[in-house]
Amino acid sequence: MIASSAKPEGPPAMPVEETEIVFTGSDGAEAERFINRLRRIARAEGKLRDKEWMLDLALTCLEGDALRWHSRLPREVRNDWDALEDALLEKYPPSSPTGEPNRRSSFEPTPAGTPTSAAGAAPAPAPAPISELTRSFIQLNLGPQTGLVKVVADDPSVSGYLARSMDPQYSIMVTCTNAADALRIQFWPASYPHGIEILNSATRLTWMGATHWDNSDVSAQLGKGSRASAALTTTSSPTSTPTSSYVGAKGPTKSGIWNVSPFDGSITASWDADGCSYNLQLVAIISKKHLFLVSNYEAYCASRPKGTRCKARMIFEPA
């Protein structure tokens, strides 16, 4: 501990054993050690509950890939220690003994609505043939990917792109036909669910996410026979408890739920509930072009007017 009668306002002159604390972003183990060392320093200085102090200290320790990654985060994450800690642990997940990320891989998707757990997972479908566009995406996937989100629906009137403008009444996502009016996104390829940033958001919220209307079983309970749905929305951050654009909604919101296939560019969402991870099906309300995610398409449609909904899917289109 620093020998002084008054605590400094900024980060301390660190004890000798902590002077070399540096985070380069090599893996999940380094991220955990980094966060733990920051906490120990903060506790020694009586600053463990001073989030601004901890943030200031953390920012002086970033180097290399970690520094570059941090510089690309949205301001609300860079300026909030809790949000930054969440982002660090999401970006650098724990590893299994084999060295692979200890999460379900988005490279091995399961059918929509199928729970996966350690007890067993559904077999992965064979990948679609690789197009030249997708081949280019795969070759470049070491860096951030920028492009549009194409929507292909069973009802052609809904197909098009994710629109930059939102539904004017509820502020949820809809489709548009013109690429010039489309949402422009960016993400870092990963083998686990991650965030997708919106580069031209029409709202102050700049991440893709999904929000349940409320916490009732009908609206938010996933699982066998579930009628629940979550609207596609914009959210405030890639962390686990972001703010949503969905007007009037009081249910849970998540944004770090996206998987982008390196085989065909398909974008899918997975949602953890009751110890299982559910791959969700995209659904469109045909008349309004509203987009929702559901875990059980048949059960969801059975409780709605017949012929008003259709299945859809999203595909990343590099641009």
Side-chain angles (χ1 to χ4, degrees), residues 68-93 103 106 141 143-151 161-167 170-176 181-213 229-261 265-272 277 279-280 282 290-293 314-319:
R68 294 177 181 276
W69 166 77
H70 175 268
S71 70
R72 290 186 292 267
L73 290 173
R75 183 177 294 106
E76 58 265 27
V77 178
R78 294 200 308 267
N79 293 342
D80 183 291
W81 168 243
D82 287 337
L84 180 58
E85 182 177 302
D86 284 346
L88 279 166
L89 294 176
E90 179 181 328
K91 173 66 175 176
Y92 305 102
R103 299 192 186 183
S106 64
N141 72 359
Q145 301 298 300
T146 302
L148 311 178
V149 179
K150 192 170 184 177
V151 177
Y161 295 91
L162 275 190
R164 177 176 180 268
S165 59
M166 311 284 283
D167 171 79
Y170 294 107
S171 287
I172 61 179
M173 290 189 179
V174 296
T175 63
C176 64
D181 300 323
L183 210 62
R184 190 172 180 85
I185 66 165
Q186 178 174 277
F187 65 93
W188 283 80
S191 60
Y192 51 84
H194 54 81
I196 293 180
E197 187 175 8
I198 301 169
L199 301 180
N200 63 340
S201 177
T203 75
R204 61 181 179 82
L205 308 177
T206 57
W207 293 86
M208 277 181 61
T211 304
H212 291 295
W213 177 251
S229 65
L232 259 66
T233 61
T234 55
T235 67
S236 59
S237 77
T239 56
S240 57
T241 55
T243 300
S244 169
S245 62
Y246 197 175
V247 175
K250 298 179 180 178
T253 293
K254 294 188 179 181
S255 57
I257 60 175
W258 305 106
N259 301 298
V260 184
S261 170
S266 60
I267 301 174
T268 57
S270 59
W271 195 295
D272 294 336
S277 181
N279 278 357
L280 305 182
L282 184 67
H290 291 175
L291 297 171
F292 288 82
L293 295 170
M314 295 185 289
I315 302 170
F316 173 65
E317 186 175 285

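Because the structure is predicted, anything quoted here is derived from the model rather than measured. Excluded from the calculations below are hydrogen atoms, water molecules and symmetry mates; all remaining heavy atoms, backbone and side chain alike, are included.
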Taking side chain to side chain contact (heavy atoms under 4.5 Å, CB included) as the test, write out the residues that go with [X], two or more places apart.
X: Asn79; value: Arg75
X: Arg68; value: Arg72
X: Ala319; value: Leu148, Arg184
X: Ser201; value: Ile198, Thr203, Thr206, Thr234

Side chain to side chain donor-acceptor pair (under 3.5 Å) partners for [X], two or more places apart:
X: Tyr161; result: Glu317
X: Asp272; result: Ser277
X: His290; result: Asp167
X: Ser266; result: Asp264

Given side chain to side chain contact (heavy atoms under 4.5 Å, CB included), test Met166 with Met173 step by step and report yes or no. CA-CA 5 Å; Met166 311 284 283; Met173 290 189 179; 4.2 Å; yes
Work out which heavy atom in [X] is nearest to a heavy atom in [Y]; give both atom names and the distance.
X: Val174; Y: Ser165; result: CG2-O, 3.8 Å
X: Thr243; Y: Leu205; result: O-CD1, 4.0 Å
X: Phe187; Y: His194; result: CD1-CE1, 3.8 Å
X: Leu73; Y: Val77; result: CD1-CG1, 3.9 Å
X: Phe292; Y: Ser229; result: CD2-OG, 3.9 Å
X: Ala87; Y: Trp69; result: O-CZ2, 3.7 Å

Return the set of residues passing ring-ring contact (aromatic ring centres under 6.0 Å, His included) with Trp213 (not counting sequence neighbours), or none when no residue passes.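 Once residues adjacent in sequence are excluded, the partners of Trp213 under the ring-ring contact (aromatic ring centres under 6.0 Å, His included) criterion are Tyr246.
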Side-chain (Tyr170) to main-chain (Ser245) donor-acceptor, under 3.5 angstrom: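 No, Tyr170 side chain to Ser245 backbone: no donor-acceptor pair under 3.5 Å.
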Donor-acceptor pair, side chain of Thr235 and main chain of Trp207, under 3.5 angstrom: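 Checking the backbone N and O of Trp207 against the side chain of Thr235, a donor-acceptor pair under 3.5 Å is found.
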With rounding to the nearest 0.5 angstrom, report the [atom1] to [atom2] distance, [X] to [Y].
X: Leu88; Y: Leu84; atom1: CG; atom2: CG; result: 4.5 Å
X: Ser237; Y: Asp80; atom1: OG; atom2: CG; result: 9.0 Å
X: Leu293; Y: His212; atom1: CG; atom2: NE2; result: 9.0 Å

Go through Thr211 and Ile172 one step at a time and tell me if the side chain to side chain contact (heavy atoms under 4.5 Å, CB included) criterion holds. CA-CA 9 Å; Thr211 304; Ile172 61 179; over 6 Å; no
Assess the residue pair Arg164 and Asp181 against the criterion (side chain to side chain contact (heavy atoms under 4.5 Å, CB included)); give the C-alpha distance rounded to whole Å, side-chain angles, the decisive distance to 0.1 Å, and a yes or no. CA-CA 6 Å; Arg164 177 176 180 268; Asp181 300 323; 5.9 Å; no
So do the side chains of Ile196 and Ile267 get within less than 4.5 Å of each other, counting heavy atoms only?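 Of all side-chain heavy-atom pairs linking Ile267 with Ile196, at least one is under 4.5 Å.
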If you take the centroid of each ring, where Trp contributes its six-membered ring, are Phe316 and Trp258 closer together than 6.0 Å?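 Here the rings of Phe316 and Trp258 have centres that are no less than 6.0 Å from each other.
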Residues two or more places apart in sequence or in another chain: which of them pass salt bridge (Lys or Arg N to Asp or Glu O under 4.0 Å) with Glu197?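 Not a single residue meets the salt bridge (Lys or Arg N to Asp or Glu O under 4.0 Å) criterion with Glu197.
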Are Ile185 and Leu162 close enough, and set up right, to give a side chain to side chain contact (heavy atoms under 4.5 Å, CB included), and what steps lead you there? CA-CA 10 Å; Ile185 66 165; Leu162 275 190; 6.0 Å; no
